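This report concerns only the one structure given below.
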Amino acid sequence: MWMLSEHNQSWVSEFILLGFSSDPISNRILFIVFLTLYLSSILGNGLIVILICLDSHLHTPMYFFLCILSILDMGYVTSTMPQMLVHLLTHSRAISFAGCWMQMYVFGALGLSEGIIFVVMAYDRYVAICYPLRYTIMLSWGLCTRLAAGTWVCGFSFSLIHTFLTMRLPYCGPNIVNHYFCEGPSVRSLACMDTHLIEMVDLVMGVFMVATPVSLILASYIRITLTILKIKSTRGRWKAFSTCASHLTVVTFFYGPATYIYMRPNSNYSSECDKQVSLFYNVFTALLNPIVYSLRNKDIKGAFLKVMKRGRVA
């Protein structure tokens with residue numbers, strides 16, 4: 001649909017999201033697959049949040065940040081998946097201009113917040129391994145709360161800038177977005193004006209919100225690795241490395257695809273490729289978090305068994 005401006009110029013009032021397929025049979029199969037992935041992500045992350053809240057032994061900075069990560073994951077995947085599931089079963093794939101604005105903002109805010117919480121979690125591991133005797137002093141609950149609040153504030157603030165700059169561009173047609181949700185680069189490619197300035201602003205923001213966090217995480221793990229190598233016992237080294245493996249796995253799946261999408265020139269934009277790549281840092285990362293942290297974590301397993309025993313006794 002279109003609307004007229006005061007200068008009789010037609011402007012887009014809604015966008016059409018193409019999704020992955022136009023074939024009804026393929027869409028039904030994709031609906032079952034993505035519904036399974038979505039429910040698994042929500043249930044897995046929700047379980048981690050519940051276990052951390054119920055078990056007092058998990059009331060430590062490490063699990064506090066893991067709880068925040070799980071909450072972000074549930075919101076992150078919910079910002080895109082329900083709408084995509086509806087579009088897979090209906091003929092209409094339209095999203096209003098305001099709806100696209102809101103989806104882009106929420107998706108970006110939660111995604112940026114998640115990227116920052118990974119830095120905080122890397123710092124937590126750095127303190128735990130490099131300064132174990134000062135862990136509770138260096139990571140007091142007051143500092144943990146401020147770090148968590150700062151994560152949300154930074155994520156929602158930078159996303160507002162990105163969304164405002166993208167959605168204030170003139171969109172006078174076409175209004176077909178070759179994506180399954182309103183992601184910045186895919187929508188911006190439809191603007192009917194030169195977007196080089198906006199791309200430069202996005203690139204600068206990308207340095208702050210992608211390159212800087214990755215550099216901080218790498219710096220933390222370089223210090224962690226040097227400290228671990230000084231440990232004489234093989235068992236001690238393995239235990240220290242194993243506490244970091246889960247975090248590194250999830251960080252790689254999140255930042256690898258995100259760097260490809262947001263840290264490259266617009267001339268290399270490929271809508272078909274971007275749709276598939278975005279699934280990794282949107283859908284699969286949210287699903288991977290509870291799997292990695294639960295299967296490799298004895299404390300989470302122990303908390304789950306305690307809750308199950310309480311349920312049986314009750």
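Computed from a predicted model, the values in this text were never measured in an experiment. Scope of the values below: all heavy atoms of this structure, side chains included, with no hydrogens, waters or symmetry mates.
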Go through the structure and list residues passing side chain to side chain contact (heavy atoms under 4.5 Å, CB included) with [X], not counting sequence neighbours.
{"X": "Phe156", "value": "Tyr105, Ala109, Leu110, Ser113, Trp152"}
{"X": "Ile161", "value": "Leu165, Met205"}
{"X": "Val153", "value": "Ser157"}
{"X": "Thr252", "value": "none"}

May I ask you to test the [X]-[Y] pair for a side-chain heavy-atom distance under 4.5 Å?
{"X": "Asn289", "Y": "Glu114", "value": "yes"}
{"X": "Tyr180", "Y": "Ser278", "value": "yes"}
{"X": "Gln83", "Y": "His87", "value": "yes"}
{"X": "Phe253", "Y": "Tyr281", "value": "no"}
{"X": "Val120", "Y": "Asp124", "value": "no"}
{"X": "Leu288", "Y": "Phe284", "value": "no"}

Mind running side chain to side chain contact (heavy atoms under 4.5 Å, CB included) on Lys275 and Asn178 for me, showing each step along the way? CA-CA 8 Å; Lys275 281 192 295 186; Asn178 191 6; 2.9 Å; yes
Hey, could you give me each pair passing ring pair (Phe, Tyr, Trp, His ring centres under 6.0 Å) that has a residue in residues 122-150? Not counting sequence neighbours. Phe64-Trp141, Tyr126-Tyr131
Any pair counted as ring pair (Phe, Tyr, Trp, His ring centres under 6.0 Å), so long as it reaches residues 30-63, sequence neighbours left out: Phe20-Phe34
Enumerate donor-acceptor pairs with a distance under 3.5 Å from any side-chain N or O in residues 210-222 to protein atoms, sequence neighbours excluded.
unit_1, atom_1, unit_2, atom_2, d
Thr212, OG1, Val207, O, 2.8
Ser215, OG, Ala211, O, 2.9
Ser220, OG, Leu216, O, 3.0
Tyr221, OH, His247, ND1, 2.7

Could you grab the distance from atom [atom1] of [X] to atom [atom2] of [Y], nearest 0.5 Å is fine?
{"X": "His179", "Y": "Leu17", "atom1": "NE2", "atom2": "CG", "value": "9.5 Å"}
{"X": "Ile129", "Y": "Leu226", "atom1": "CD1", "atom2": "CG", "value": "12.0 Å"}
{"X": "Met74", "Y": "Thr78", "atom1": "CE", "atom2": "OG1", "value": "8.0 Å"}
{"X": "Asp73", "Y": "Asn282", "atom1": "CG", "atom2": "CG", "value": "9.5 Å"}
{"X": "Arg28", "Y": "Asp23", "atom1": "CZ", "atom2": "CG", "value": "8.5 Å"}
{"X": "Leu248", "Y": "Met121", "atom1": "CG", "atom2": "CE", "value": "11.0 Å"}

Please set out all donor-acceptor pairs under 3.5 angstrom arising from side-chain atoms of residues 88-101, sequence neighbours excluded.
unit_1, atom_1, unit_2, atom_2, d
Thr90, OG1, Val86, O, 3.0
Thr90, OG1, Ser92, O, 3.0
Arg93, NH1, Leu18, O, 2.3
Arg93, NH1, Ser21, O, 3.1
Arg93, NH2, Ser21, O, 2.6
Ser96, OG, Gly99, N, 2.9

Residue pair Met84, Val283: steps toward the side chain to side chain contact (heavy atoms under 4.5 Å, CB included) verdict: CA-CA 12 Å; Met84 182 181 70; Val283 180; 5.7 Å; no
Going by disulfide (SG to SG under 2.5 Å), name the pairs with one or both residues in residues 102-169, residues two or more places apart or in two chains. none
Tell me whether the count of non-hydrogen atoms from other residues, nucleotides or ligands lying under 6.0 Å of CE in Met102 goes above 12.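 No.
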Kindly check if the number of other-residue, nucleotide or ligand heavy atoms within 6.0 Å of CD1 (Ile25) is above 12? no
Step-by-step side chain to side chain contact (heavy atoms under 4.5 Å, CB included) determination, Gln103 to Glu183: CA-CA 8 Å; Gln103 184 181 59; Glu183 190 169 29; over 6 Å; no
Quick one: do [X] and [Y] end up in the same hydrophobic cluster if we chain Ile, Leu, Val, Met, Phe, Trp and Tyr together by side-chain heavy atoms under 4.5 Å apart?
{"X": "Ile50", "Y": "Leu43", "value": "no"}
{"X": "Ile176", "Y": "Phe15", "value": "no"}
{"X": "Ile16", "Y": "Met104", "value": "no"}

Once ring pair (Phe, Tyr, Trp, His ring centres under 6.0 Å) is applied, do any residues pair with Phe254, and if so which ones, sequence neighbours excluded? Phe118
Considering residues at least two apart in sequence or located in another chain, which fulfil the ring pair (Phe, Tyr, Trp, His ring centres under 6.0 Å) criterion with Phe158?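 Phe158: no ring pair (Phe, Tyr, Trp, His ring centres under 6.0 Å) contacts found.
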Give me the atom names and distance for the closest heavy-atom approach of [X] to [Y].
{"X": "Phe280", "Y": "Gln276", "answer": "CD1-O, 3.6 Å"}
{"X": "Val187", "Y": "Met167", "answer": "CG1-SD, 4.2 Å"}
{"X": "Gly155", "Y": "Ile116", "answer": "N-CD1, 4.2 Å"}
{"X": "Leu35", "Y": "Leu85", "answer": "N-CD2, 3.6 Å"}
{"X": "Ile300", "Y": "Ile52", "answer": "CD1-CG1, 4.5 Å"}

Measure from the side-chain N and O atoms of Thr163 to the backbone N and O of Ser159, and report whether any donor-acceptor pair falls under 3.5 Å. yes
I'd like to know if the side chain of Ser70 reaches the main chain of Leu66, judged simply by a donor and an acceptor atom lying under 3.5 Å from each other, with no hydrogens or angles considered.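 Yes; judged by distance alone, with no hydrogens or angles, the pair exists.
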Start with the C-alpha distance between Asn45 and Tyr76, add both sets of side-chain angles, then the distance that settles side-chain hydrogen bond (donor to acceptor under 3.5 Å, both in side chains), and finish with yes or no. CA-CA 11 Å; Asn45 284 289; Tyr76 191 47; over 6 Å; no
Start with the C-alpha distance between Leu147 and Leu139, add both sets of side-chain angles, then the distance that settles side chain to side chain contact (heavy atoms under 4.5 Å, CB included), and finish with yes or no. CA-CA 10 Å; Leu147 287 173; Leu139 274 175; 4.3 Å; yes
May I have all residue pairs that pass salt bridge (charged side-chain N to carboxylate O under 4.0 Å, His left out) and include part of residues 34-61, sequence neighbours excluded? Asp55-Lys306
pair check: Cys53 + Cys67, SG-SG < 2.5 Å: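 Looking at Cys67 and Cys53, their sulfur gamma atoms do not lie closer than 2.5 Å, so the answer is no.
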